[in-house]
A.B. asks: 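My structure is below; once you've seen it, I'll send some questions.
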Amino acid sequence: MDNPAPDPLVSVNACWSRISASPVYNFLFSDITIVSASVGSMLARLTVGPHHLNSKGSLHGSVSATLVDWAGGMAIATHGLEKTGLSTDIHVAYSAGAKLGDILTIEGKTTKVGRNMGFTTVTIYKAIGEEAMGTVVAHGTHSKYILKDTQESR
């Protein structure tokens, strides 16, 4: 009898719990909230804080790039994988700024998760009024080499 597939939100939260102690994630995303997850998709929210800003007072590009990296991994985790792999390629296109106090919605989606590779897209939105997915701040693609959880690696 096959084991039932793990709940995607449980998988994402387990993955985030495992990696959240990383110094960079702890510094940048200690207050990120995972909102929802289904197989192949996840949503999170983050309020822009002072440590997310560049010298001009706008969201730093490196924060957006790190969000693409993080959310791509979390999207892969929705497939029940605890180990989401190593980045092989990441691309980020920046389209709007965000300032202190803005609420970002991060949407991570898998386009394909194969035996050894995962391909994701991530869109970062800035809330406009009541609309959580308002202006697109950045959009990225992220490819990862997937480390399968094998008996030998345990």
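Both backbone and side-chain heavy atoms feed into the values below; hydrogens, waters and symmetry mates do not. Every value quoted in this text rests on a predicted model; they were computed, and no experiment measured them.
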A.B. asks: Is there a chain of hydrophobic side chains (I, L, V, M, F, W, Y, each step under 4.5 Å between heavy atoms) that links Y125 to V68?
C.D. replies: no

A.B. asks: If hydrophobic clusters are built from ILVMFWY residues whose side chains come within less than 4.5 Å, do F29 and I103 share one?
C.D. replies: no

A.B. asks: Between A37 and V12, what is the shortest heavy-atom contact and its length?
C.D. replies: CB-CG2, 4.0 Å

A.B. asks: Enter the distance from I76:CD1 to K83:NZ here, rounded to the nearest 0.5 Å.
C.D. replies: 14.5 Å

A.B. asks: Ignoring hydrogens, what is the shortest heavy-atom contact between H51 and F27? Give both atom names and the distance.
C.D. replies: CD2-O, 3.1 Å

A.B. asks: Does the side chain of L81 come within less than 4.5 Å of V113's, by heavy atoms?
C.D. replies: yes

A.B. asks: Enumerate donor-acceptor pairs with a distance under 3.5 Å from any side-chain N or O in residues 16-25 to protein atoms, sequence neighbours excluded.
C.D. replies:
from, atom 1, to, atom 2, distance (Å)
R18, NE, E82, OE2, 3.4
R18, NH2, E82, O, 2.8
S20, OG, W16, O, 3.2
S20, OG, S17, O, 3.4

A.B. asks: Hey, mind stepping through V63 and V48 against side chain to side chain contact (heavy atoms under 4.5 Å, CB included) and telling me if it holds?
C.D. replies: CA-CA 10 Å; V63 175; V48 177; over 6 Å; no

A.B. asks: First locate atom CG of N13, then atom CD1 of I34, and finally report the distance between them rounded to the nearest 0.5 Å.
C.D. replies: 4.5 Å

A.B. asks: Going by atom types alone, do K144 and T120 pair a side-chain donor with an acceptor below 3.5 Å?
C.D. replies: no

A.B. asks: Find the distance between OG1 (T66) and CG (L28) and round it off to the nearest 0.5 Å.
C.D. replies: 5.5 Å

A.B. asks: Any donor and acceptor pair, going by atom type alone, linking the side chain of T111 with main-chain N or O of F119 inside 3.5 Å?
C.D. replies: yes

A.B. asks: Side chains of I146 and N116: does their closest heavy-atom pair fall under 4.5 Å?
C.D. replies: no

A.B. asks: Can you find a heavy atom in the side chain of I32 that is under 4.5 Å from one in the side chain of W70?
C.D. replies: yes

A.B. asks: Test your reading of the model: is there a side-chain donor-acceptor pair from T123 to the backbone of H139, 3.5 Å cut-off?
C.D. replies: no

A.B. asks: Please check this pair: side chain of S64 against backbone of A138, looking for a donor-acceptor N/O pair closer than 3.5 Å.
C.D. replies: no

A.B. asks: Output the distance between atom OG (S41) and atom CD (E107), rounded to the nearest 0.5 Å.
C.D. replies: 5.5 Å

A.B. asks: Apply side chain to side chain contact (heavy atoms under 4.5 Å, CB included) to K126 and L59, showing your working.
C.D. replies: CA-CA 11 Å; K126 175 174 60 176; L59 182 67; over 6 Å; no

A.B. asks: Work out which heavy atom in I106 is nearest to a heavy atom in A71; give both atom names and the distance.
C.D. replies: CG2-CB, 3.5 Å

A.B. asks: Answer with yes or no whether the hydrophobic clustering places L43 together with L9; edges join I, L, V, M, F, W, Y residues whose side-chain heavy atoms lie under 4.5 Å apart.
C.D. replies: no

A.B. asks: For a quick test of your reading: what N or O donor-acceptor pairs under 3.5 Å do the side chains of residues 86-102 make, sequence neighbours left out?
C.D. replies:
from, atom 1, to, atom 2, distance (Å)
S87, OG, D69, OD1, 3.3
S87, OG, H142, NE2, 2.7
T88, OG1, S143, O, 3.3
Y94, OH, G61, O, 3.1
S95, OG, V136, O, 2.9
S95, OG, V137, O, 3.4
K99, NZ, D102, OD1, 3.4
D102, OD2, K99, N, 2.8

A.B. asks: What heavy-atom pair brings P6 and G80 nearest, and what distance separates the two atoms?
C.D. replies: CG-CA, 3.7 Å

A.B. asks: Closest heavy-atom contact between T78 and S38?
C.D. replies: CB-O, 3.3 Å

A.B. asks: Using modelled atom types only, decide if a donor and an acceptor are shared between the side chain of H52 and the backbone of G49 within a distance under 3.5 Å.
C.D. replies: yes

